[in-house]
Amino acid sequence: MTTSVHAHRSPNPGNITAPPAVQALSVTKTYGRDATRVTALREVSVGFEAGRFTAIMGPSGSGKSTLMHCLAGLDTADSGRVLVGGTDITGLGDKQLTALRRDRIGFVFQAFNLVPTLTAEQNITLPLALASKATDTAWFDSVVATLGLKDRLSHRPHELSGGQQQRVAVARALLTRPDVVFGDEPTGNLDSTAGGEVLALLRRSSREMGQTIIMVTHDPVAASYADRVVLMSDGTLVGDIAGPTADSVLAALGKLGG
Ligand code: ADP
């Protein structure tokens with residue numbers, strides 16, 4: 001006999017098969033007060049589907065970084081809610097947010113943020129070591145192979161190129177199998193060849209490993225590696241492009257500017 005258990009799932013607009021990996025619900029964030037008050041986010045609602053690679057784009061000051069920081073538990077919204085992997089992070093305290101970021105979120109920043117005295121391998125496994133967790137060797141090998149780092153594991157960051165250093169940072173982010181990896185201009189310090197390699201690897205980790213990735217960028221070429229681009233302007237979402245190309249992103253940005 002069939003049951004109707006699935007019919008009683010909570011409503012899930014936009015995707016009926018699985019809840020978004022990350023979701024903002026009517027998030028508002030202001031900075032400063034009175035004359036210097038700036039509304040960085042105005043009731044932003046957006047969901048990020050699991051296993052997808054999404055780029056957040058928009059003019060400088062449109063609220064991209066603020067949105068990313070609120071989604072990643074690095075900053076708190078004034079109102080609205082943020083859900084990460086089904087957990088409402090809005091009411092979490094500092095300790096819980098630190099644990100959430102350590103255990104469930106991966107970060108790849110513009111500055112690679114590797115520990116200079118540690119080898120590539122030690123940098124990659126550092127988050128697990130800090131959490132006193134054992135490394136899943138098979139997963140480590142798979143991540144390292146995917147990122148082409150097998151021959152570089154005993155190198156220290158200064159012995160690696162910028163592109164290689166960022167690949168180590170990506171491996172470090174993927175190793176904990178986080179609910180989401182956030183990239184903040186991850187190719188901002190790389191030349192176009194090394195940047196393209198890192199972006200292709202991010203895309204590959206979403207396609208082959210099912211990794212959810214959200215990347216803030218101002219570069220239409222970088223955004224074209226994503227499955228989806230959400231466009232921001234003046235603290236609100238103003239566009240959503242599926243299957244973006246550098247040209248379609250540029251055209252959409254051009255309309256915002258004009
Ligand atoms: P973007 O990442 O798109 O460049 P931001 O999210 O950094 O935009 O900024 C959005 C708005 O919020 C801007 O007007 C910016 O000046 C303001 N803002 C961001 N961070 C702060 C802060 N810590 N204090 C005051 N204003 C801020």
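Atoms within each ligand, like the ligands themselves, are counted from 1 in listed order. The residues of the chain are indexed from 1 along the displayed sequence. Note that the coordinates shown come from a computational prediction; the quantities given were computed from them, not determined experimentally.
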Specify side chain, backbone, both or neither for V38, according to which of its non-hydrogen atoms lie closer than 4.0 Å to ligand 1. side chain

Numbering as shown, the atoms of ligand 1 that approach S60 to under 4.0 Å (heavy-atom distance): 4 (O)

G235: heavy atom below 4.0 Å from ligand 1, yes or no? no

Looking only at protein heavy atoms, which one is nearest to atom 20 (N) of ligand 1, and how far off is it? Y31 CE1, 3.3 Å

Hey, could you give me the CE/OG1 distance between M57 and T217, rounded to the nearest 0.5 Å? 5.5 Å

Quickly, which of T54, L199, D184, I56 forms a side-chain contact (heavy atoms from CB on, under 4.5 Å) with M215? Name it, please. L199

Under 4.0 Å from atom 16 (O) of ligand 1, can you find at least one protein heavy atom? no

Atom CZ of R172 and atom CG of L147: how far apart are they, to the nearest 0.5 Å? 12.5 Å

Less than 3.5 Å between some nitrogen or oxygen of G63 and one of ligand 1, yes or no? yes

Donor-acceptor contact present, side-chain T125 to main-chain E121, <3.5 Å: yes

With a 3.5 Å distance limit and no angle check, can you tell me whether S45 reaches the backbone of S26 through a side-chain donor-acceptor pair? yes

Of all protein heavy atoms, the one nearest atom 2 (O) of ligand 1 is S65 OG, 2.7 Å

With a sphere of 6.0 Å drawn around NE2 of H218, does it hold more than 12 non-hydrogen atoms of other residues, nucleotides or ligands? no

Considering only the protein, which heavy-atom contact is closest to atom 12 (O) of ligand 1, and what is its distance? A40 CB, 3.5 Å

among protein heavy atoms, the one nearest atom 3 (O) of ligand 1 is K64 NZ, 2.8 Å

In ligand 1, the atoms that come under 4.0 Å of a heavy atom of S62 are 1 (P), 3 (O), 8 (O)

Flag, side chain of D227 to backbone of R52, donor-acceptor distance under 3.5 Å: no

Is it true that G58 lies under 4.0 Å from ligand 1, counting heavy atoms only? no

If we ignore hydrogens and angles and just use 3.5 Å, is the side chain of Q211 paired with the main-chain N or O of P178 as donor and acceptor? yes

Have a look at T66, L41, T30, T36 and point out the one with the heavy atom closest to atom 5 (P) of ligand 1. T66

At less than 4.0 angstrom from any non-hydrogen atom of P59, what atoms of ligand 1 do you find? 3 (O)

Stepwise side chain to side chain contact (heavy atoms under 4.5 Å, CB included) test for V22 and D179: CA-CA 8 Å; V22 179; D179 288 331; 5.9 Å; no

Nearest heavy atom to atom 10 (C) of ligand 1, choosing from S233, G61, G32, belongs to G61

